[in-house]
> 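Supplied in structure tokens, the structure appears directly below.
Excluded from the calculations below are hydrogen atoms, water molecules and symmetry mates; all remaining heavy atoms, backbone and side chain alike, are included. Along the sequence shown, residues are numbered consecutively beginning with 1.
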Amino acid sequence: MTGSHPTRSRLAAALRPAAFGADPAGERMERIRRSPNFANGVFVNPVGARTAPSGSMLKFAATYFRKEERIRRSPAGTVPVHPTTVADLAVPPASGLRLTWMGHSSVLAEVDGRRVLFDPVWGQRCSPFATVGPKRMHPVPVPLRELGPVDAVVISHDHYDHLDMPTIRALVRSRAMFVVPLGVGAHLERWGVPADRMTELDWHESTEVAGLVLTATPARHFCGRGLRNAQHTLWASWVVAGPEHRVYHSGDTGYFPGFADIGATHGPFDATMIQIGAYSEHWPDIHMTPEEGVRAHVDLQGGDPAKGVMLPIHWGTFNLAPHPWEEPAEGTVAATRAAGANVAVPRPGQPFEPVRGLPLDPWWRAIAARPVTVLPGGGVPQPAGAAGPSGPAGAADLSGSSGPSGASGPSGASGPSGASGPSGPSGTPGATGATGGADPAMPIPQS
């Protein structure tokens, strides 16, 4: 008689808590093996990418834990979350397109009468554990139960700051369809998502949900949740096309030439949601700097920076990299100004319709660990030795900026010139310790 040993089964369960998810198996794994993006037993990137930190980890650790720089990685005051109410979200957008950034990469996109929720993370920590890992630096703007009906939940990849088990379990009680990259369905299945409410897509595959066409498009990143990172779940960016509008969500990605291809096939876009935070010279291939993010946005628009609006995501909510907390926002408004592109930098929870004007108030400056003082001409003085945006003109003066109706965007010099990097809680959670309301968990990705 065969079967698993009870003690062994309990040990396996203890070593792999539910939040780790599940490995693909059976027909799901067979489909993965047939993918043109799966080679030598792993999913591969569209262009080569190093997924493990490069350079000296001793140097990285010294930088990461240096007190002065550690303080700058968290806001010095309370993040001004917008007081959005369920009543606000119940009123349909007059233009047919409205975006609400909930923090980090979580965005509610209302497209032509339908509602898509990207990478929802409502948990207090992006971690498999309740007391370890990077902690939220501002409250969730809208309780999940007050968000209203959602037609589709879209996941970019399975790292903890993009795929949150408690949030998914709560959303199972909704009527939403779950649309995820190939292999990620194994996690959702373990957490109770029914098979008939889940669609897994490979790159360049599409599905229709409530009249919207959702397409998985390439990204340059990696995957993994447990102690063993088998690279058997795909990562993706996403195109959502409705009858009148289309939007793009980058997920996590390094810069690569494929953005132009995505734009040529699916664009131009009314709005792009682009990752511009958690970069570092220690992981230059798998996250974008603000400058790279703006370049990606322009590529997606067929090279025309005047088209659409860019919403910067993957910043402000969790402490995941060595750069100062406010630097992604400063770098992005500066780089969009240099490129002539339109940008919206709303407070968490602040809904906006791109054609009705863009939120461009530099709200983050008042709560940066070192107050950001805008000089004449838009420059920002940087403290000696500080890792701020490039040079003394590292930030932009947003005064007088307007939306995408022909007026220019924020003014200022280009953003930081550092390299890009992965999100810290992507794999093994780091050490803890309170600093400015966040845990300085070392953002060391799994390989």
> Side chains of His266 and Tyr248: closer than 4.5 Å at any heavy-atom pair?
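The answer is no, as the side chains (C-beta and beyond) never meet within the 4.5 Å cut-off.
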
> For Asp270 and Arg246, indicate whether the former's side chain and the latter's backbone hold a donor-acceptor pair under 3.5 Å.
yes

> Take Ile367 and Thr78 through the test side chain to side chain contact (heavy atoms under 4.5 Å, CB included) and record every step on the way to the result.
CA-CA 7 Å; Ile367 55 171; Thr78 301; 5.9 Å; no

> Hey, could you give me the CG/CG distance between Asn37 and Asp202, rounded to the nearest 0.5 Å?
4.5 Å

> Return the minimal non-hydrogen interatomic distance between Leu97 and His245, and the atom names on each side.
CB-CD2, 3.8 Å

> Please say which of Pro134, Ser127, Cys126 ends up in a side-chain contact (heavy atoms from CB on, under 4.5 Å) with Asp161.
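Among the candidates, only Cys126 passes.
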
> Under 3.5 Å, is there a donor-acceptor pair between the side chain of Arg114 and the main chain of Ala152?
no

> Side chains of Leu188 and Leu163: closer than 4.5 Å at any heavy-atom pair?
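When only atoms from C-beta onward are counted, Leu163 and Leu188 do touch, with a gap below 4.5 Å.
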
> Can you see which heavy atom on Phe118 is nearest to which on Ala109, and at what distance?
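For Phe118 versus Ala109, the nearest heavy atoms are CE1-CB, 3.8 Å.
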
> Taking Leu214's backbone N and O only, do any of them form a donor-acceptor pair with Thr207's side chain (distance below 3.5 Å, no angle check)?
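Answer holds: no.
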
> Specify the closest pair of heavy atoms between Pro348 and Pro80, including all atoms of both residues, with the distance to one decimal.
CD-O, 4.4 Å

> For the side chain of Trp122 and the backbone of Val142, is there at least one donor-acceptor N/O pair under 3.5 Å apart?
yes

> His249 side chain to Ser105 main-chain N or O, any donor-acceptor pair under 3.5 Å?
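Between the backbone of Ser105 and the side chain of His249 there is a qualifying donor-acceptor contact (under 3.5 Å).
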
> Flag the pair Phe222 / His159 as yes when their ring centroid distance falls below 6.0 Å, and as no otherwise.
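Centroid separation for Phe222 and His159: below 6.0 Å.
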
> Any sub-3.5 Å donor-acceptor pair from Glu146's side-chain atoms to Gly148's backbone N or O?
no

> Who are the side chain to side chain contact (heavy atoms under 4.5 Å, CB included) partners of Ala130, not counting sequence neighbours?
none

> Going by atom types alone, do Tyr279 and Glu291 pair a side-chain donor with an acceptor below 3.5 Å?
no

> Does one side chain, of His323 or Ser280, offer a donor that lies under 3.5 Å from an acceptor on the other?
no

> Could you state the interatomic distance from CG (Leu147) to CZ (Arg145), rounded to the nearest 0.5 Å?
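It comes to 11.5 Å.
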
> Run the numbers on Ser35 and Leu182 for side chain to side chain contact (heavy atoms under 4.5 Å, CB included), then give the verdict.
CA-CA 9 Å; Ser35 168; Leu182 193 56; 4.1 Å; yes

> Would you say the side chain of Arg115 lies within less than 4.5 Å of the side chain of Pro149, judging by non-hydrogen atoms?
yes

> For residues Glu281 and Pro284, report the shortest heavy-atom separation together with the two atoms involved.
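Shortest heavy-atom contact: O-CD, 3.7 Å.
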
> Can a donor-acceptor pair be found, under 3.5 Å and without considering hydrogens, that links the side chain of Trp101 to the backbone of His104?
yes

> Under a 3.5 Å threshold, yes or no: a donor from one side chain and an acceptor from the other, between His187 and Asp158?
yes

> With heavy-atom distances below 4.5 Å as the criterion, would you say the side chains of Val184 and Phe178 are in contact?
no

> Is it true that, when you exclude Arg98 itself, more than 12 heavy atoms of the residues, nucleotides or ligands shown sit nearer than 6.0 Å to its CZ?
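More than 12 heavy atoms, drawn from other residues, nucleotides or ligands, come within 6.0 Å of this atom.
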
> What distance separates Asn45 CG from Gln231 CD, expressed to the nearest 0.5 Å?
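Taking CG in Asn45 and CD in Gln231, the distance rounds to 8.5 Å.
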
> Under the 3.5 angstrom rule, does the side chain of Ser174 hit a backbone N or O of Ala176 as a donor-acceptor pair?
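Side chain of Ser174 to backbone of Ala176, a donor-acceptor pair under 3.5 Å: yes, one is there.
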
> Considering non-hydrogen atoms only, spot the tightest contact between Trp191 and Arg169 and give its length.
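Looking at all heavy atoms of both residues, the shortest contact is O-CG, 3.6 Å.
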
> For Asn342 and Ala306, indicate whether the former's side chain and the latter's backbone hold a donor-acceptor pair under 3.5 Å.
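Present.
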
> Just wondering, do Phe259 and Thr272 contact through their side chains at under 4.5 Å, heavy atoms?
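No - every pair of side-chain heavy atoms lies 4.5 Å or more apart.
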
> Does any non-hydrogen side-chain atom of Pro181 lie less than 4.5 Å from one of Phe43?
no

> Please determine whether side chain to side chain contact (heavy atoms under 4.5 Å, CB included) holds for the pair Leu212 and Val111, giving the CA-CA distance in whole Å, both sets of side-chain angles, and the decisive distance to 0.1 Å.
CA-CA 8 Å; Leu212 300 177; Val111 183; 4.1 Å; yes

> Less than 4.5 Å apart, side chain to side chain, heavy atoms only: is that true for Val116 and Trp238?
no

> Who pairs with Trp363 by ring-ring contact (aromatic ring centres under 6.0 Å, His included), at least two apart in sequence or on another chain?
Trp315

> If you compare all heavy atoms of Ala49 against all heavy atoms of Ile286, which two are closest, and at what distance to 0.1 Å?
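Taking every non-hydrogen atom into account, CB-CG2, 4.0 Å.
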
> Flag the pair Trp235 / Trp203 as yes when at least one side-chain heavy-atom distance between them is below 4.5 Å, and no otherwise.
yes

> For the CE atom of Met310 and the CD atom of Gln301, what is their distance to the nearest 0.5 Å?
11.0 Å

> Hey, is the main chain of Arg220 close enough, under 3.5 Å, to the side chain of Thr253 for a donor-acceptor pair?
yes

> Can you measure from CG (Asp151) to CD (Glu110) and round to the nearest 0.5 angstrom?
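Result: 10.0 Å between the selected atoms.
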
> With rounding to the nearest 0.5 angstrom, report the CG to CG distance, Leu311 to Leu99.
6.0 Å

> Run the side chain to side chain contact (heavy atoms under 4.5 Å, CB included) check on Leu171 and Leu117 step by step: do they pass?
CA-CA 10 Å; Leu171 287 167; Leu117 188 58; 4.1 Å; yes

